[in-house]
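Here's the structure we're looking at; comments come further down.
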Amino acid sequence: MTTRIDGKVISAQVLDEVASDAAAFLAEYGIKPGLAVVLVGEDPASQVYVRNKIARATESGLNSIEHRLPADTSQETLNQLVADLNAAPEVHGILVQLPLPDHLDEEQIIAAISPAKDVDGFHPENVGALNVGKESLVPCTPQGSMIMLESVFGKGNMSGKHAVVVGRSNIVGKPMAALLLQANCTVTVVHSRTPNPQELAKQADILVAAVGRPEMIGPDWIKPGATVIDVGINVIERDGKRKLVGDVEFETVAPVAAAITPVPGGVGPMTIACLMKNTMIAARRLASA
Ligand code: GUN
């Protein structure tokens, strides 16, 4: 029987821990851990993500501070907001929802966020720290994916496994590869210029799909008994209906795999739970600094 790795169940456990720690933090310091969420413009997917992040924060006993800015916001205005949030003692975590409108320089904004409050883990200082194995804030999606893998293998039990990551984004693919390497996996990163991605994927004990192409990965990419983490969240239209699918064709891949994450209800809820976890970590570090 294939194990369905349930992101709803595992994320609920992570959120429970955050909620108890947030209550303890409030008792200790007299304030809630604070998460500022910045949304520029009206991208429909981003609006849904931000709404979910704020709902989970509130439920977990965090203080969520929402900043919605119009699509034509200038770089200077956004920089000023980030500077204010960096300085605000009630804000422990800052998240600027990506993608930003085209006229804004994403890289510059990410670098302007205080690394201590960078709960996305996108700041170059956190990226560097992760890659040399130093304490850092770890990007939420790869962090959540690792927790799911630990639920299958047990903590510390991935040593020597061949992990293949499909996709090399800064948000998922690269930090995922760093975490798998830290867990002593042999790591292959496959991307759009790889001549034989399927051949490499078929050698994977652990396959992480993070490409953003609906159901690109079929059963002929999978080594029997592999564990599959599907990071993709793609909206498609099928039989006249809108449907959410991953980068993996779940129905055909599941019978070949030993364990697999569904979409929806897999990595998605883990990403949000890890954002709350990072906010809690940032609050603790800032409060004791
Ligand atoms: N857009 C898609 N994923 C993410 C994420 O993890 N963080 C932010 N800030 N924006 C995103």
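When a ligand or atom number is given, it counts from 1 through the structure's own listing order. Keep in mind it's a predicted model, so treat the numbers as computed, not measured.
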Residue pairs passing the ring pair (Phe, Tyr, Trp, His ring centres under 6.0 Å) test where at least one lies in residues 55-99, sequence neighbours excluded
Phe25-His92
May I ask you to check if ligand 1 and Gln97 share an N or O to N or O distance below 3.5 Å?
yes
As an exercise, identify every atom of ligand 1 less than 4.0 angstrom from a heavy atom of Asp120.
5 (C), 6 (O), 7 (N), 8 (C), 9 (N)
Closer than 4.0 angstrom: is that true for some heavy atom of Thr141 and an atom of ligand 1?
no
Could you identify the single nearest non-hydrogen protein atom to atom 10 (N) of ligand 1 and state the distance to 0.1 Å?
Leu98 N, 3.0 Å
Taking the hydrophobic residues Ile, Leu, Val, Met, Phe, Trp and Tyr, and joining any pair whose side-chain heavy atoms are under 4.5 Å apart, which ones share a cluster with Val253?
Val164, Val166, Val190, Leu200, Leu207, Val211, Met216, Ile217, Trp221, Ile222, Val228, Val248, Phe250, Val256, Ile260
Salt-bridge present (Asp21, Lys277; N to O < 4.0 Å):
no
So, are Arg238 and Glu215 salt-bridged, with charged N and O less than 4.0 Å apart?
yes
What I want to find out is whether Glu42 reaches Arg68 closely enough, with some N-O distance under 4.0 Å, to be called a salt bridge.
no
Pairwise side-chain contact, Ile272 with Ser11, heavy-atom cut-off 4.5 Å (strictly under)
no
Could you say whether the N/O atoms of Ile171 and ligand 1 ever approach to under 3.5 Å?
no
Answer side chain, backbone, both or neither: which part of Phe122 comes under 4.0 Å from ligand 1, heavy atoms only.
side chain
Heavy-atom contacts under 4.0 Å between Val96 and ligand 1: side chain, backbone, both, or neither?
backbone
Would you say atom 3 (N) of ligand 1 touches the protein, meaning some protein heavy atom is under 4.0 Å from it?
no
